[in-house]
2 protein chains.
Amino acid sequence: MNTHQTHIETLALLARTLGNAHRLALLEHIAQGERSVERLAELTDLSLANASQHLQHLKRAGFVQTRREGKNVLYRLGTGPIAPLLVALRDYADHQQARIHDLVADSRSHPARLEPISREELLRRMSEESVTLLDVRSEDEFALGHLPGAINIPVEELERRLAELPAKQNIVAYCRSPYCVLSVDAVAALRAHGLAAQRLANGFVDWKAAGLDVETATRVYDPGP
Amino acid sequence: MNTHQTHIETLALLARTLGNAHRLALLEHIAQGERSVERLAELTDLSLANASQHLQHLKRAGFVQTRREGKNVLYRLGTGPIAPLLVALRDYADHQQARIHDLVADSRSHPARLEPISREELLRRMSEESVTLLDVRSEDEFALGHLPGAINIPVEELERRLAELPAKQNIVAYCRSPYCVLSVDAVAALRAHGLAAQRLANGFVDWKAAGLDVETATRVYDPGP
DNA sequence: CCACCATTCAATCAATGTGTTGAGCATTGC
DNA sequence: GCAATGCTCAACACATTGATTGAATGGTGG
């Protein structure tokens, strides 16, 4: 029984390492490329010593590795299935969000999910007519990768940035995963303003998993001086 | 009221909920079927009140749901992609274990991975001759599902339970995932005792993912009405 | 080999998380 | 209704984690 205890204890330890917003933020920045401690502290708005401590915590769990370059210690992502773990975590979070949203929607007797369109349907439409792709996730998620040609307007800014959208084109909104419900809100808001909008059924994760083109923000890797 | 939580804080909160060995243990027991608080407290060796608190923690994060039956409150697994999350966590842990193991192995100049056999190869052999399948994971993991006809001997008990294995048959040992390295140890131990043993390359996860038959020990979760 | 500087370590305090106790509150059986 | 049962809640003590400071380390570049 002693070894099993150790095994589950190990899992808990790993989960706990991810159980801190600052460490997750550091991890996301590191996922975009090697960064020095100083740069990471800047990016995450942490003190140098604090960032260093969190980074060592991550390192102990194997989520990051280090190497020295000149005066700087550069942190990079560790080996192993880290991405699947983070994706699973986000997927679950999306589902939770959707669940809460559904409760609210039910109480208001909302109709269903505003008939989402599939990836195939989207591809077909993109080849036949012009479609405006609207990415309603946060800016940093958008920067990490999005559908080619998509416009990024986080859902909470949508109402006051409607002007950025072409009035004549059909709009397809999407967010992360099938569970992510931001796009439902977005479509509802767009339609309320008289725009032709639909949502993509399975979101960005599905698109990427299908091996389709993904665009990333201009500056992907900036090692600095 | 500061209910505003950034996306990343939500992720951290969920991860933190999994970041406790007792909660993980509770979750694993619940995954096997509905259980009352009392039973769960027993199974995990926690006080009643403490178990109750941890369960409510899990409930807040949506990992479990409750219903009342007579005097008892029964906890069951929540909806949403919980299993993938736990699998991803375990996979990552397996990889970490393998990494440490490799370091040790390297320092001893061990040979490579004892030529693992693929799933296809295993299936072929199972159809042609008799093969003894040896599951070296812990008993509770075994209970949650294993290859059909497999014998379960946790790797740490292997040395003193060799008698349970048929001496004349070829043995194929496996554990969870490609990263899991317990089976390497097992094969090494078996060969040291003169038995014909090989390890399965990708472990149970791969087998299950391929949609092949899985045997379970205890009754599987029944959602009821 | 020396001075510099990015990073880490150590010590401290505040904040959070955990486990125990005993009280409180439903539900069932009498 | 009343006691018994099963669970939750509240309050406390204790352990762990997190942020801040300032000092130490150790590799670099001169």
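We name chains A, B, ... by the order of the sequence lines, and we start the count at 1 in each one.
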Roughly, in whole Å, what's the span from CG in L13(B) to C1' in dT16(C)?
12 Å
Please state how far atom CG in L46(B) lies from atom P in dT21(C), giving the value in whole angstrom units.
14 Å
For DNA chain D, which residues of residues 17-27 of chain A approach it to below 4.0 angstrom with any heavy atom?
N20(A), H22(A), R23(A)
Return the value, rounded to whole Å, for the distance between atom CG of L40(B) and atom P of dG6(D).
14 Å
Considering the terminal five base pairs at each end of the helix from dC1(C)-dG30(D) to dC30(C)-dG1(D), what angle separates the two local helix axes, rounded to 10°?
30°
Do L48(A) and E38(A) make a side-chain contact, defined as non-hydrogen atoms from C-beta onward lying under 4.5 Å apart?
yes
Could you tell me whether a side-chain N or O of Q56(A) sits under 3.5 Å from a main-chain N or O of S52(A), the two making a donor and an acceptor?
yes
What protein N or O atoms touch nucleotides 23-26 of chain C N or O atoms at under 3.5 angstrom, if any, and at what distances?
none

Does OP1 or OP2 of dA6(C) have a side-chain N or O of Y75(A) closer than 4.0 Å?
no
Taking C-beta and beyond as the side chain, do L77(A) and L27(A) meet within less than 4.5 Å on heavy atoms?
yes
For the residue pair L24(A) and L86(A), establish whether any side-chain heavy-atom pair is separated by less than 4.5 Å.
yes
Counting the atoms with a prime plus P, OP1 and OP2 as sugar-phosphate, which does L48(B) contact under 4.0 Å by heavy atoms, base, sugar-phosphate, or nothing?
base
Listing request: all salt bridge (charged side-chain N to carboxylate O under 4.0 Å, His left out) pairs with a residue in residues 200-210 of chain B, at least two apart in sequence or in separate chains.
R119(B)-D206(B)
Listed partners of S177(A) passing side-chain hydrogen bond (donor to acceptor under 3.5 Å, both in side chains), at least two apart
D94(A)
Who passes salt bridge (charged side-chain N to carboxylate O under 4.0 Å, His left out) against E164(A), sequence neighbours left out?
R161(A)
Whole angstroms only, please: what is the CG-P distance between N72(A) and dT28(D)?
11 Å
Do L162(A) and L190(A) have side chains that get closer than 4.5 Å, going by heavy atoms?
yes
Would you kindly compare R16(A) and K71(A) by the position of their nearest DNA chain D nucleotide and give the one closer to the 5′ end?
R16(A)
Proximity to DNA chain C (any heavy atom under 4.0 Å), residues of residues 50-61 of chain B only:
N50(B), Q53(B), H54(B)
Going by side-chain hydrogen bond (donor to acceptor under 3.5 Å, both in side chains), name the residues that satisfy it together with E42(B), two or more places apart in sequence or in a different chain.
none
R67(B) has an atom CZ; how far is it from atom P of dG6(D), in whole Å?
16 Å
Salt bridge (charged side-chain N to carboxylate O under 4.0 Å, His left out) partners of E159(A), counting only residues at least two apart
none
Residues at least two apart in sequence or cross-chain that pass side-chain hydrogen bond (donor to acceptor under 3.5 Å, both in side chains) with H29(B), listed by chain then number, are none
Residue among V205(A), D135(A), V187(A), L182(A) satisfying side chain to side chain contact (heavy atoms under 4.5 Å, CB included) with Y174(A):
D135(A)
Could you tell me which residues satisfy salt bridge (charged side-chain N to carboxylate O under 4.0 Å, His left out) with E141(B), sequence neighbours excluded, listed by chain and number?
R176(B)
In terms of the nearest nucleotide of DNA chain D, which residue is placed more toward the 5' end: S47(A) or A49(B)?
A49(B)
Test of understanding: with ring pair (Phe, Tyr, Trp, His ring centres under 6.0 Å), list the residues that count as partners of H95(A), not counting sequence neighbours.
Y179(A)
Quick one: D45(A) CG to dA19(D) C1', roughly how many Å, whole number?
13 Å
